[in-house]
Amino acid sequence: DTGVSQNPRHKITKRGQNVTFRCDPISEHNRLYWYRQTLGQGPEFLTYFQNEAQLEKSRLLSDRFSAERPKGSFSTLEIQRTEQGDSAMYLCASSLQDHQPQHFGDGTRLSIL
Amino acid sequence: DAKTTQPPSMDCAEGRAANLPCNHSTISGNEYVYWYRQIHSQGPQYIIHGLKNNETNEMASLIITEDRKSSTLILPHATLRDTAVYYCIVLGDYKLSFGAGTTVTVRA
């Protein structure tokens with residue numbers, strides 16, 4: 001399967017813990033995006049990478065959130081000191097160029113106890 | 001990016017065509033119309049996109065009005081597996097802005 005891969009699929013953690021998610025985009029896709037989806041809502045944009053450069057961060061991404069894409073390949077999204085409100089599905093997408101379709105992974109569902 | 005308006009829900013009979021409308025009256029000349037769908041517990045799936053011309057692929061057809069203020073996604077022969085939330089999105093740069101979408105239920 002050459003689609004977008006996200007790990008883990010599910011993460012359950014206690015409030016205050018740090019969590020890290022990984023996204024492996026479709027090979028040769030140099031654009032990578034993170035979105036967050038809460039129950040009953042559509043996905044919301046979080047951040048965008050062009051190769052290894054992070055070009056935009058949404059205001060939804062507080063200072064507890066950090067995303068990286070070393071070497072322009074896979075990406076990680078880390079949440080420090082998790083809060084109840086961080087419970088959501090975190091989705092990753094990749095595309096070849098800006099106006100090419102974004103292809104999504106199946107997300108990481110985060111539950112904060 | 002321009003906002004879109006979609007009906008909240010619609011039903012469709014299995015084997016019939018499903019026509020999903022979308023209004024985007026404030027669309028700009030360089031903005032694309034994208035359609036995605038999301039089946040429960042999965043990530044959004046790209047369906048089709050267009051700028052001015054009608055488009056067709058193996059999944060669906062996209063009809064864009066001449067003034068580009070509205071569009072229709074056509075699923076030619078709906079199956080039970082087409083039951084999903086369908087999102088119409090106007091894309092200007094790179095941020096997909098998902099609204100509430102249309103919940104489509106295909107009934108046997």
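Computation of the quantities below employed the complete heavy-atom set of this structure, encompassing side-chain atoms and omitting hydrogens, waters and symmetry-equivalent molecules. Reminder, nothing fancy here: chain letters follow the sequence lines and each chain counts from 1. This is a predicted model, so every value here is computed, not measured.
When each of B:Gly101, B:Pro44, B:Gly99 is scored by its heavy-atom pairs under 4.5 Å with chain A, the top score falls to B:Pro44. Comparing A:Glu44, A:Glu56, A:His103 by heavy-atom pairs within less than 4.5 Å of chain B, the highest count is held by A:Glu56.
With no hydrogens or angles considered, no side-chain donor-acceptor pair links B:Tyr87 and B:Thr4 at under 3.5 Å. One side chain, B:Arg37 or B:Gln45, offers a donor N or O that lies under 3.5 Å from an acceptor on the other.
The closest donor-acceptor contact from the side chain of B:Glu31 to the backbone of B:Ser28 lies under 3.5 Å. With B:Thr65 contributing its side chain and B:Ser71 its backbone, the two residues share no donor-acceptor pair below 3.5 Å.
Only the side chain of A:Arg9 comes within contact range of chain B, with at least one heavy atom under 4.5 Å from a heavy atom of that chain. If you measure heavy-atom distances from A:Gln41 to chain B, the contacts under 4.5 Å come from the backbone alone. Contacts between B:Gln38 and chain A at a heavy-atom distance below 4.5 Å involve the side chain alone, from C-beta outward. Contact of A:Gln100 with chain B is made through the backbone alone, with heavy-atom distances under 4.5 Å.
Residue A:Leu113 places its CG atom among more than 12 non-hydrogen atoms of other residues, nucleotides or ligands, all under 6.0 Å distant.
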